[in-house]
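Here the structure is a predicted model, which is why all the values come from computation and not from measurement. Proteins come first, then strands; the chains are lettered A, B, ... in the order of their sequence lines, and each starts at number 1.
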There are 2 protein chains.
Amino acid sequence: MTVEPPARAPRADARRNRDRLLEAAAQVVAEQGAQASLRDVARRAEVGLGTLYRHFPNREALLEALLGRRFEQLAERAREFERQAEPEQALVDWLREFSAGAAAHQGLPETLMATLHDPASPLHASCTAMREAGAGLLAAAQRAGRIRPDVTGADLFALANAVGWMSGLAPALAERREHLFALVVDGLRTPGGRAAGEPPSGAGTD
Amino acid sequence: MTVEPPARAPRADARRNRDRLLEAAAQVVAEQGAQASLRDVARRAEVGLGTLYRHFPNREALLEALLGRRFEQLAERAREFERQAEPEQALVDWLREFSAGAAAHQGLPETLMATLHDPASPLHASCTAMREAGAGLLAAAQRAGRIRPDVTGADLFALANAVGWMSGLAPALAERREHLFALVVDGLRTPGGRAAGEPPSGAGTD
DNA sequence: ACCTGAACACCGTTCAAGT
DNA sequence: ACCTGAACACCGTTCAAGT
């Protein structure tokens, strides 16, 4: 084991450039998708292209930094829902949020799924934390007898991601996201359960 | 209707080059996905890069030519299933095949969904034909009381495509495609099985 | 008619030169 | 330590020159 040197605080300009780059990247990715030009990102951040590469050695590293934030937010949201709602509702609310996020950024779902299956990824830890938070909601809903016992956490991510990706492709599909989501969630419910009477009422706001 | 000039048969070498290009494109796209290098395609076809562009003015045109074949195959398969199996089974079998095809070629599902929503696309006709063939299977299964009446053809394509896309991302997911597919199809089934007396409430506003 | 490859304007990534 | 932009090897697309 190497003893790390004190890891002195980064220079103020370096820290500032990194923040500007992340900010610019979030904007550009939201506009153009995950395969946006990195030159555009550097330009928007008003920073040399080399500076971008100094902070993020490649596109994947930049996307990872963006995703890392999101994973932490989602893990936190899972804990909130777990406190505030009954098990089935908590799970559905969280999946809806997860799914909507996947729709917002074209190309990010691919990165997410790749990360989830690659233990070497620097994001593996935060991704796993989020996944476990979601799996906790699932387990609770299964204990309550509302969700099929053979559904796994991996299924959950796969389907929520798939619906999110789908609804990000065309505006007409975005409008149907709630409906698609409801169909998928119905597939997760315990067969014959009395949940069939009341469809999940999409709150209407986006 | 414009009267087309005799549309003389293309020169033999042109026809041959076009075939070689399509063949090479199918291989390269299967290996590298829809964003594969067009130079690679031309190289594999042993044809000048300019020749590729003479036959297909851009990447989209090339992908369209590949997709067109597939649409026709799928429409034909729908008619076969309709003859050979009972309504629910026919629908499920067809969806499975559709879904597996989406998984096989990374990036094609996006093109497909875009085509489906763009009447100006040269593929719109064959895409619509396939879509109607699938919608026919859906309608039959709904008449038999097996599939929720509020499910539309658009839902069907969206979900089957989403699952296919998903399972093409990682080998671990490919192994689970059947399972994911089963979960989604369960969401389409009439709640409570065939004995369902009433359609799900809240289906009126679609 | 059709084919070809050089040419153009981009891109991701690297790295020597600056401060 | 950090920043910068020129440089390299690609790419999609166009087009003058060939047969």
**OP:** Between B:R15 and A:G50, name the one whose nearest nucleotide on DNA chain C is closer to the 5' end.
**Re:** B:R15
Original post:
Given that B:E46 and A:D40 both sit by DNA chain C, which one's nearest nucleotide is further toward the 5' end?
Top reply: B:E46
Length of the line joining [X]:[atom1] and [N]:[atom2], which is rounded to integer Å:
{"X": "A:L49", "N": "C:dG12", "atom1": "CG", "atom2": "P", "result": "8 Å"}
{"X": "B:Q35", "N": "D:dC10", "atom1": "CD", "atom2": "P", "result": "18 Å"}
{"X": "A:R54", "N": "D:dG5", "atom1": "CZ", "atom2": "C1'", "result": "15 Å"}
{"X": "B:L63", "N": "D:dG12", "atom1": "CG", "atom2": "P", "result": "11 Å"}
{"X": "A:L38", "N": "C:dC11", "atom1": "CG", "atom2": "P", "result": "10 Å"}
{"X": "B:R43", "N": "C:dC3", "atom1": "CZ", "atom2": "P", "result": "19 Å"}
{"X": "B:Q32", "N": "D:dC11", "atom1": "CD", "atom2": "C1'", "result": "13 Å"}
{"X": "B:L52", "N": "C:dC2", "atom1": "CG", "atom2": "C1'", "result": "14 Å"}

Original post:
Can you tell me if CD on B:E60 sees more than 12 non-hydrogen neighbours from other groups inside 6.0 Å?
Top reply: no
Subject >> No-H, no-angle donor-acceptor pair, A:R39 side chain to C:dG12 base, under 3.5 Å >> reply: yes
Original post:
Using a cut-off of less than 4.0 Å, is there contact between a side-chain N or O of A:H55 and OP1 or OP2 of D:dC2?
Top reply: no
Subject >> A:N17 side-chain N/O to D:dC3 phosphate OP1/OP2 under 4.0 Å >> reply: yes
Original post:
Using a cut-off of 4.0 Å on non-hydrogen atoms, how would the nucleic acid contact of B:S37 be classed: base, sugar-phosphate, or nothing?
Top reply: sugar-phosphate
**OP:** Give one of base, sugar-phosphate or nothing for B:A42, where a contact means two heavy atoms less than 4.0 Å apart.
**Re:**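 Nothing, no nucleic acid heavy atom in range.
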In terms of side-chain geometry, is the basic nitrogen of [X] or [Y] positioned less than 4.0 Å from the acidic oxygen of its partner?
{"X": "B:R43", "Y": "B:D40", "result": "yes"}
{"X": "A:R15", "Y": "A:D19", "result": "yes"}
{"X": "B:R16", "Y": "B:D13", "result": "no"}

Subject >> Assigned partner base of D:dT13, Watson-Crick or wobble definition, under 3.5 Å >> reply: C:dA7
**OP:** With a 3.5 angstrom cut-off on both distances, give the Watson-Crick or G-U wobble partner of C:dG18, or none if there isn't one.
**Re:**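 With both distances under 3.5 Å, C:dG18 matches D:dC2.
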Original post:
Do the rings of B:F157 and B:W94 sit parallel, tilted or perpendicular, given the 30° and 60° boundaries?
Top reply: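 B:F157 and B:W94: perpendicular rings.
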**OP:** Could you check which of C:dT13, D:dG12, C:dG12 has an atom nearest any side-chain atom of B:Y53?
**Re:**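 Selected nucleotide: D:dG12.
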**OP:** Identify which nucleotide among C:dC3, C:dG12, D:dC2 has an atom closest to any side-chain atom of B:A14, counting heavy atoms from C-beta outward.
**Re:**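 Nearest nucleotide to the side chain: C:dC3.
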